[in-house]
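Okay, so here's the structure we're looking at.
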Amino acid sequence: MEAKKQPLKKSLTGFEIELFTINNEGKIANAADTILKKAKKDKNLSLKKEISQNMIEIASYPNEMVPDTMNHLLDELEYAISIAEKNNTLLCPLGTYPGKYNPIMRVDKKYEIKKSIFGKERYKIEGRCAGFHCHYTLPKGIFDSQLRVLKIFTRSKIKDSMINSYNLLIAADPALTCFMQSSPFYQCKFIGKDSRVIMYRGGKALNNEKGLYSNFQDFGSLPYYKATVLDIISLITNRYNKWKSHIKSLGLNIKVLSLYGSILYTTWGPIRISPHGTIEQRGMDMNHPIYIAGIGVIVRWILKKLQEEYYAVVPSEIGIKEPFKVEKDIIYIPPYSYVRNELQKLSAYNGLESDAVYDYCKRFLRLAESVMPKDRLKLVQPFKQMLKKRKTVSDEILDYAKKKGFRRKESITDKLAADIVLHHSERLLKEITATRRIIRHLL
């Protein structure tokens, strides 16, 4: 992929991760507030509350280089673990807690709005799902940082790079979520290799009418490709107005919308334009640090290529047989219907067992490797090993469960669920050390 380089700006990459708090026996613990109280006392702004009392969020300061972003995230993760340990609490880095539990949801007004709209029980799905969000700065000049909205921009190349970035992340979703899947069990049941995606997004495309956003697909499903920036602005505006209508239908005061702070906050789907002036991939499971670093460099270098060298991302039948094929200044992706109705479903339910998903992930990784510096290739090596073995973290969890007697038509015991999370909470410490060792040479 060679083209004349036209640097635009210093784009930043940022991460947000969500973790479950568990006790020393591997059971869910509502220990988030204890950790957050200490963080507030230490004036640590990176640790934040989440929608339930058994989860915390850690946000990494965005940096131009992913190793710097990752280094900060590891520092904050170690800090959170140290506080948790003093309170006999562990942090679990999986997309779902595999056992059964009833989350205690927070009563903040903006959370209560969701409970009123989704219903008390369905709303709890969000308290059982932990994700990883990856941010990358939007193209220069397209975001109004004061009003926190997109601008109607006239320079065609800038607009095109915005659309190309948006559509490519949508097309890449089945590969990114497959690489990061860590949630084969939900409430003791095996739903699919990515139970979190199935339960969180829901809807007909995922054969799940009981998901969180099953009846509200505009707000939580994989969005459609868009042809222009004006189309994205129209989507954001229409979605905001629909959310406002839902609030009004409940008899709530429309002033509660001010709690969101920006029109851009009223969407929770896998790809969104965020109020931070970033394009955000927020559809992936939480997972171990080395995989977070790998996804970070993939997203960073592909979007950098699109925004600085203006490659066109073109939906085409070519993208079905040869996804992410590069031809001159064009990258071919599959038609949206194939991504949403076929690949998304196969990725969520079957993962790398599916030949189509395996080939898709392989070709996507090949594209990523072609645009990044050689020294960054170390960070995607775990994904190459994943493809070689055809096993994600979800597959590793399933293999462990099978050794303990699990069969796919059965449910796992709470004891086995506890064993799984204890293993991954302990592994988290080793993964932090191993990841730091790798990025140390890249700083």
Side-chain angles (χ1 to χ4, degrees), residues 95 132 164 166-184 190-208 211 217 221-225 269-271 281 283-285 287 291 294-295 298-299 302 313-327 330-371 380-399 408:
F132 159 54
N164 290 327
Y166 185 81
N167 290 343
L168 187 132
L169 280 187
I170 294 170
D173 181 76
L176 291 171
T177 53
C178 184
F179 281 135
M180 291 298 285
Q181 60 187 207
S182 65
S183 58
F190 172 70
I191 298 176
K193 295 290 183 73
D194 202 330
S195 295
R196 187 197 63 83
V197 160
I198 297 166
M199 291 304 302
Y200 189 85
R201 300 181 191 182
K204 291 181 180 179
L206 285 166
N207 290 340
N208 181 24
Q217 290 285 280
S221 67
L222 191 66
Y224 289 91
Y225 296 152
I271 315 296
Q281 215 303 349
M284 299 170 283
D285 283 4
N287 212 313
Y291 302 119
I295 293 297
I298 287 173
V299 170
I302 288 180
V313 174
V314 179
S316 165
E317 284 75 9
I318 295 172
I320 296 177
K321 292 185 177 181
E322 299 178 86
F324 309 108
K325 178 181 180 179
V326 180
E327 196 172 72
I330 294 174
I331 301 173
Y332 291 104
I333 58 175
Y336 173 77
S337 59
Y338 184 70
V339 173
R340 176 187 173 89
N341 299 326
E342 300 298 329
L343 291 172
Q344 177 187 216
K345 188 190 303 178
L346 286 170
S347 177
Y349 282 97
N350 304 111
L352 292 178
E353 282 186 32
S354 161
D355 290 339
V357 173
Y358 171 78
D359 182 65
Y360 202 69
C361 290
K362 191 174 182 179
R363 289 175 181 271
F364 178 66
L365 189 58
R366 188 183 303 159
L367 170 67
E369 289 181 305
S370 74
V371 301
V380 299
Q381 190 63 32
F383 297 131
K384 298 194 77 170
Q385 290 297 315
M386 194 179 282
L387 289 171
K388 185 178 180 181
K389 297 177 181 178
R390 291 185 78 151
K391 288 188 181 294
T392 64
V393 170
S394 277
D395 289 304
E396 293 174 12
I397 292 172
L398 284 168
D399 286 347
R408 287 198 180 189

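Predicted, not measured: the structure shown is a model, and the values here were computed from it.
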Test salt bridge (charged side-chain N to carboxylate O under 4.0 Å, His left out) applied to R390 and D395, D355, D399, the passing residue: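 Going through the options one by one, the only one that passes is D355.
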Among K391, K389, R408, exactly one meets salt bridge (charged side-chain N to carboxylate O under 4.0 Å, His left out) together with E353. Which residue is that?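 Going through K391, K389, R408 one by one, the salt bridge (charged side-chain N to carboxylate O under 4.0 Å, His left out) with E353 is satisfied by R408 alone.
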Could you check whether any side-chain heavy atom of [X] comes within less than 4.5 Å of a side-chain heavy atom of [Y], counting everything from C-beta outward?
X	Y	result
K193	V357	no
L365	I298	yes
N208	K345	no
M284	Y291	no
P270	P223	yes
Y224	I170	no
K325	I331	no
F179	N287	no

Where [X] and [Y] come nearest, the two heavy atoms and their spacing:
X	Y	result
S183	S394	N-OG, 3.0 Å
L206	Y349	O-OH, 2.6 Å
C178	T392	O-CG2, 3.3 Å
A172	F364	CB-CE1, 3.6 Å

Checking the side chain of [X] only, and the main-chain atoms of [Y] only, is there a donor and an acceptor separated by less than 3.5 Å?
X	Y	result
S347	L343	no
S354	L346	no
S370	L367	yes
D285	S182	yes

Give, for atom [atom1] of [X] and atom [atom2] of [Y], the distance between the pair rounded to the nearest 0.5 Å.
X	Y	atom1	atom2	value
R201	D173	CZ	CG	4.0 Å
K384	M386	NZ	CE	14.0 Å
N341	K204	CG	NZ	11.5 Å
N164	I302	CG	CD1	13.0 Å
Y200	S195	OH	OG	16.0 Å
L387	K362	CG	NZ	7.5 Å

For the residue pair Y166 and Y225, is the inter-centroid distance of their aromatic rings smaller than 6.0 Å?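 Ring-ring flag for Y166/Y225: false, centres at least 6.0 Å apart.
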Is any side-chain N of the basic residue among D359 and R366 closer than 4.0 Å to the acidic one's carboxylate O?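 Judged by the 4.0 Å cut-off on N to carboxylate O distance, D359 and R366 do not form a salt bridge.
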Please say which of I320, I318, V313, V314 ends up in a side chain to side chain contact (heavy atoms under 4.5 Å, CB included) with I333.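 Option passing the side chain to side chain contact (heavy atoms under 4.5 Å, CB included) with I333: V313.
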Any residue meeting side-chain contact (heavy atoms from CB on, under 4.5 Å) with S221, in chain and number order, not counting sequence neighbours: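 If we apply the side-chain contact (heavy atoms from CB on, under 4.5 Å) test to S221, skipping adjacent residues, the hits are Q217, R340.
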Mind running side chain to side chain contact (heavy atoms under 4.5 Å, CB included) on I295 and F383 for me, showing each step along the way? CA-CA 9 Å; I295 293 297; F383 297 131; 3.7 Å; yes
Would you tell me whether Y332 and E327 have side-chain atoms, one donor and one acceptor, within less than 3.5 Å of each other?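 Indeed, the side chains of Y332 and E327 share at least one donor-acceptor pair under 3.5 Å.
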